[in-house]
Number of protein chains: 2
Amino acid sequence: MPYDPSEYPSFAVTVDLVVLTVRRHALCALLVRRGEDPYRGQWALPGGFVRADEDLESAAARELAEETGLRTQDAGSWHAGAHLEQLATYGEPGRDPRMRVVSVAHLVLAPDLPSPTAGGDAGSAQWRSASELLGGAGGGTDEGLAFDHARILADGVERARSKIEYSSLAAAFCPPEFTVGELRRVYEAVWGVSLDPRNFHRKVTGTPGFLVPVGGTTTRQGGRPAQLFRAGGASALNPPMLRPEG
Amino acid sequence: MPYDPSEYPSFAVTVDLVVLTVRRHALCALLVRRGEDPYRGQWALPGGFVRADEDLESAAARELAEETGLRTQDAGSWHAGAHLEQLATYGEPGRDPRMRVVSVAHLVLAPDLPSPTAGGDAGSAQWRSASELLGGAGGGTDEGLAFDHARILADGVERARSKIEYSSLAAAFCPPEFTVGELRRVYEAVWGVSLDPRNFHRKVTGTPGFLVPVGGTTTRQGGRPAQLFRAGGASALNPPMLRPEG
DNA sequence: TGAATAGTGTCTGTCAGACAATATGGG
DNA sequence: CCCATATTGTCTGACAGACACTATTCA
């Protein structure tokens with residue numbers, strides 16, 4: 001029995017990206033200014049249509065590369081690339097005024113980047129503090145993001161906050177080699193709290209497989225030189241890092 | 001600038017359901033036999049096409065009601081309904097031989113049901129043990145599920161296993177009122193382990209907001225009568241229930 | 001020397017795992 | 001009485017939070 005195309009409705013499918021990084025001790029998200037008609041001129045999450053022969057994750061990686069120049073290391077490999085995972089799918093009938101669009105949102109965790117945007121033209125992309133975007137009232141400081149992107153961003157930030165609790169994913173915000181203090185500042189920025197440096201050090205160095213000491217090398221950031229580590233193979237963190245006030 | 005429909009490819013969007021329950025001390029998933037052409041006669045997850053004016057979650061709830069008669073209590077409300085949440089989205093180009101289909105999988109946790117299927121005809125649906133379906137070799141005992149449903153099922157089971165760890169969601173597998181022992185048997189079935197009844201009792205009754213004692217009522221299941229509880233408002237469980245051997 | 005950060009050690013309260021003991025129903 | 005399950009209590013080891021103290025570098 002062949003299938004009648006009129007049997008089922010037709011959808012457009014997009015990928016939207018919640019790209020997070022830690023800059024100047026704050027969790028920041030990447031926004032782009034829309035140059036096209038729905039919500040033209042407003043800020044939005046990067047993203048675009050999925051092509052006809054393209055995997056969802058490939059589409060997300062392609063959009064990420066096009067809009068930021070970032071490469072992702074797909075599976076199990078560590079560093080020299082951003083972490084990418086599927087976040088959730090948003091398909092409310094009215095979310096795009098043009099037509100029925102289902103958006104598969106993805107979450108990207110990246111180390112701090114030198115230029116705000118390597119791929120797009122300047123002024124059309126920027127890092128914005130997550131607390132500023134999600135903060136006070138329900139909308140944000142400016143007119144709010146295009147489409148339902150404010151909600152997608154909130155979901156992405158919440159996913160990142162909860163995921164570093166029980167996984168070693170916080171290292172995705174750090175360069176390939178980092179110190180315990182740098183990792184701690186990632187947790188502090190993402191959670192918006194202060195952590196005791198002594199207890200944090202004891203916890204992360206005492207969890208087997210979490211941190212691997214790179215050659216006794218050191219670096220500076222102020223005081224006494226610190227050991228350099230890279231992320232270990234352990235992706236699950238047990239017992240989890242406990243978020244204070246939880 | 002109006003949009004040219006040829007600019008973006010057209011997709012069909014479906015919802016697939018991973019419906020889990022606990023029967024006879026085993027985690028079971030609901031399967032339906034396909035009556036239509038791709039994979040006709042094979043077992044598959046329940047699901048269907050999303051309608052043109054329908055929310056994704058509404059589509060999932062509708063398919064669930066059509067195929068099982070189960071009602072879901074959407075948000076924040078407890079009991080007399082199954083728990084439904086979005087799981088993940090699968091959109092590999094070749095996953096459906098007919099055309100490009102993106103499937104938004106949902107996870108449903110339901111208490112044990114009297115009849116295998118209330119909605120469909122007999123013999124076209126059945127509960128199958130999850131460990132049997134996912135067990136030994138990569139495929140399962142029979143020829144395997146249609147489409148990529150084996151992977152979706154595996155993702156759903158893994159989500160359920162990890163989610164009852166840090167949420168009170170295990171109560172979704174229980175009837176509205178249940179005993180501590182019944183709840184423990186849910187954990188044991190989903191995780192496939194044995195838990196110490198004494199320590200489990202201390203843990204769940206000691207977590208504020210997790211269990212609310214219903215009138216001093218009791219029931220039986222063998223030995224001394226047990227107190228009846230219903231799920232409390234607390235959805236997050238902190239500190240989490242620790243899965244043994246982790 | 002003083003400021004700043006890194007790293008180690010100690011103390012204490014909480015909690016999970018092991019398990020003894022008691023309570024209460026059915027056969 | 002015997003058996004099964006529920007429920008309470010005790011003990012112990014692991015670990016998080018608080019915090020004193022030492023180490024090492026730069027200005």
Side-chain angles (χ1 to χ4, degrees), chain A residues 25 164-166 170 174 177-189 191 193-230 234 236-246, chain B residues 25 164-166 170 174 177-189 191 193-230 234 236-246:
Chain A
H25 211 261
I164 64 173
E165 205 167 344
Y166 54 91
C174 294
E177 300 186 350
F178 53 90
T179 68
V180 172
E182 286 162 357
L183 186 64
R184 176 173 46 83
R185 279 181 279 276
V186 164
Y187 275 93
E188 291 177 334
W191 284 346
V193 298
S194 288
L195 300 174
D196 185 297
R198 288 87 50 111
N199 295 335
F200 183 86
H201 189 282
R202 175 169 43 120
K203 168 81 179 178
V204 296
T205 58
T207 300
F210 190 14
L211 294 183
V212 176
V214 150
T217 338
T218 72
T219 186
R220 62 233 34 171
Q221 129 100 31
R224 163 179 170 181
Q227 290 182 61
L228 282 173
F229 296 88
R230 58 179 180 79
L237 205 48
N238 209 312
M241 182 85 58
L242 290 180
R243 193 173 353 180
E245 155 64 337
Chain B
H25 209 260
I164 65 172
E165 207 167 343
Y166 53 90
C174 295
E177 298 186 349
F178 52 90
T179 68
V180 173
E182 285 162 358
L183 186 64
R184 176 173 46 82
R185 278 181 280 276
V186 164
Y187 275 93
E188 291 177 333
W191 285 345
V193 299
S194 288
L195 300 174
D196 185 296
R198 288 84 52 106
N199 294 335
F200 183 86
H201 188 281
R202 175 169 42 119
K203 170 77 179 181
V204 297
T205 57
T207 301
F210 189 15
L211 293 184
V212 177
V214 151
T217 340
T218 72
T219 186
R220 62 233 35 169
Q221 130 100 33
R224 162 179 172 184
Q227 288 183 62
L228 283 173
F229 296 89
R230 57 177 182 78
L237 204 47
N238 208 310
M241 181 84 58
L242 289 181
R243 193 172 354 179
E245 156 63 334

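Note: hydrogens, waters and symmetry copies are ignored here, and every other heavy atom, side chains too, is used. Below, chain A is the first sequence line, B the second, and so on; all start at residue 1.
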Residue list, salt bridge (Lys or Arg N to Asp or Glu O under 4.0 Å) with A:E188, at least two apart or on another chain: A:R184
Encode nucleotides 19-27 of chain C as B, S and - characters from 5' to 3', where the letter depends on protein heavy atoms closer than 4.0 Å: B to the base, S only to sugar-phosphate, - to neither. BB--BBS--
Shortest non-hydrogen contact from B:K203 toward B:P240: NZ-O, 3.4 Å
With sequence neighbours excluded, tell me which residues meet side-chain hydrogen bond (donor to acceptor under 3.5 Å, both in side chains) with B:R185. none
Rounded to the nearest Å, what distance is computed from the CE atom of residue B:M241 to the P atom of nucleotide C:dA16? 9 Å
Distance in angstrom units between B:F200 CZ and C:dA18 P, rounded: 15 Å
Mapping B:T205 and A:K203 to their closest nucleotides on DNA chain D, which lands nearer the 5' end? B:T205
Roughly what angle, to 10°, lies between the helix axis at the start of the helix from C:dT1-D:dA27 to C:dG27-D:dC1 and the one at its end, five pairs per end? 0°
Partners meeting side-chain contact (heavy atoms from CB on, under 4.5 Å) with B:V193 (sequence neighbours left out): B:W191, B:L195, B:P244
Integer-rounded Å distance: C:dT5 P and A:E188 CD: 11 Å
In whole angstroms, the gap separating P of D:dT22 from NE2 of A:H201 amounts to 18 Å
Any residue of residues 179-186 of chain A with a heavy atom less than 4.0 Å from an atom of DNA chain C: A:G181, A:R184, A:R185
